[in-house]
Amino acid sequence: SQELEQSPQSLIVQEGKNLTINCTSSKTLYGLYWYKQKYGEGLIFLMMLQKGGEEKSHEKITAKLDEKKQQSSLHITASQPSHAGIYLCGADTIGGGGNKLTFGTGTQLKVEL
Amino acid sequence: DAGITQSPRHKVTETGTPVTLRCHQTENHRYMYWYRQDPGHGLRLIHYSYGVKDTDKGEVSDGYSVSRSKTEDFLLTLESATSSQTSVYFCAIRSGLGSYEQYFGPGTRLTVT
């Protein structure tokens, strides 16, 4: 099994609906990174979480790292077509600087009008 | 925009030929990374550099070598390309000044026939 599991693998929501994407690690997370990728393009950095219980927001996207530091959730409020894309979580499960990140396989989000 | 360019952006090559991909950054960041992205595997770290002439292996380093003779350039070489190295290759940078976020380039799509 993967060290870092994302769920769901894909998601179709209607515009205006809320949604949540989860990222679960089999190891302790020293840093958890959320990225967004549009097809054929590079990754765009969204947020980084380090402390258990930490929560960060950027526009209508909120990410949280749970207290036990083995799971993170990404929540989008009132989804818009601009939110469509692939959301990837990356994790530092080694510590010491975050040079060796492990990534999940991504969650593909489609937003229907 | 983190000032990262990758060249070439697309390349088709034959099995057994050498290939070099270039990552160039304009902001003197200390850390640079090479990843490959494949369906079902997500992003996987190939090699990274923590300074000029300082490099370390990642998860999938076999068949790849890297060089960093100056701060701004990080080269990835496939000495003898194989079909299993067909992939999208991403370069990333990290400033290292108390910052852990990695910022990604636009990617290079490599096809080995």
Side-chain angles (χ1 to χ4, degrees), chain A residues 1-10 21 23-27 29-51 54 56 58 63 65 69 72 85-108, chain B residues 1-7 9-10 21 23 25 29-51 54-61 66 68 74 87-110:
Chain A
S1 63
Q2 295 269 13
E3 183 175 307
L4 205 60
E5 297 275 359
Q6 281 187 242
S7 63
Q9 288 187 319
S10 64
I21 298 169
C23 178
T24 302
S25 173
S26 58
K27 301 179 181 180
L29 297 168
Y30 294 94
L32 190 288
Y33 305 75
W34 284 102
Y35 289 88
K36 179 185 175 185
Q37 183 179 29
K38 288 199 176 282
Y39 181 76
E41 299 180 13
L43 282 69
I44 300 169
F45 173 77
L46 296 175
M47 280 170 279
M48 177 201 169
L49 305 163
Q50 282 185 298
K51 301 174 185 176
E54 185 175 12
K56 287 186 178 178
H58 175 68
L65 184 61
K69 295 179 66 175
S72 177
I86 301 170
Y87 289 82
L88 292 149
C89 64
D92 173 10
T93 58
I94 298 173
N99 281 318
K100 294 189 177 183
L101 299 185
T102 303
F103 282 83
T105 53
T107 294
Q108 182 157 15
Chain B
D1 182 2
I4 310 169
T5 56
Q6 292 185 230
S7 58
R9 293 292 314 278
H10 301 270
L21 308 182
C23 178
Q25 55 134 334
H29 293 300
R30 178 182 176 187
Y31 296 90
M32 298 183 76
Y33 307 82
W34 277 109
Y35 292 87
R36 59 178 291 174
Q37 186 176 37
D38 305 287
H41 291 280
L43 276 162
R44 291 178 291 174
L45 181 66
I46 305 171
H47 282 281
Y48 73 97
S49 168
Y50 49 96
D54 292 322
T55 64
D56 196 3
K57 295 179 181 180
E59 180 187 352
V60 290
S61 59
V66 290
R68 192 170 178 200
F74 192 32
S87 186
V88 180
Y89 291 86
F90 287 100
C91 173
I93 56 90
R94 178 166 77 90
S95 69
L97 301 173
S99 165
Y100 296 99
E101 303 98 74
Q102 295 184 20
Y103 295 91
F104 285 77
T108 293
R109 184 173 295 275
L110 176 67

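Since the structure is predicted, the reported quantities are computational estimates derived from the model, not experimental observations. The figures here come from the full heavy-atom set of this structure, side chains too, leaving out hydrogens, waters and symmetry mates. We name chains A, B, ... by the order of the sequence lines, and we start the count at 1 in each one.
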(request) Examine whether an atom of A/Gln37 lies under 4.5 Å from a heavy atom of chain B, and if so say whether it belongs to the side chain, the backbone or both; otherwise answer neither. (result) side chain
(message) Heavy-atom pairs under 4.5 Å with chain A: which of B/Arg94, B/Arg109, B/Arg44 has the most?
(response) B/Arg94
(message) Under 4.5 Å from any heavy atom of chain A, what part of B/Gln37 do you find: side chain, backbone, both or neither?
(response) side chain
(request) Measure the spacing between CZ of B/Phe90 and CD of A/Glu41 and express it to the nearest 0.5 Å. (result) 9.5 Å
(request) Using non-hydrogen atoms and a 4.5 Å limit, figure out which bit of A/Leu88 sits close to chain B: side chain, backbone, both or neither. (result) side chain
(request) Compare all side-chain heavy atoms of B/Asp56 with those of A/Lys100 and state whether any distance is below 4.5 angstrom. (result) yes
(message) Which atoms of B/Tyr50 are under 4.5 Å from chain A, going by heavy atoms: the side chain, the backbone, both sets, or neither?
(response) neither
(message) Does any backbone or side-chain atom of B/Asp38 lie under 4.5 Å from a heavy atom of chain A? Answer side chain, backbone, both or neither.
(response) neither
(request) Might you point out which heavy atoms bring A/Phe45 and B/Glu101 nearest each other, and give the distance in Å? (result) CZ-CG, 3.0 Å
(message) Looking at every heavy atom in both A/Asn99 and B/Leu45, which two are closest together, and how far apart are they?
(response) O-CD2, 3.6 Å
(message) Counting only non-hydrogen atoms closer than 4.5 Å, does B/Tyr48 touch chain A with its backbone (N, CA, C, O), its side chain (CB onward), both, or neither?
(response) side chain
(message) Does A/Gln50 form a side-chain contact (heavy atoms from CB on, under 4.5 Å) with B/Tyr100? I'd like the steps, not just the answer.
(response) CA-CA 10 Å; A/Gln50 282 185 298; B/Tyr100 296 99; 3.8 Å; yes
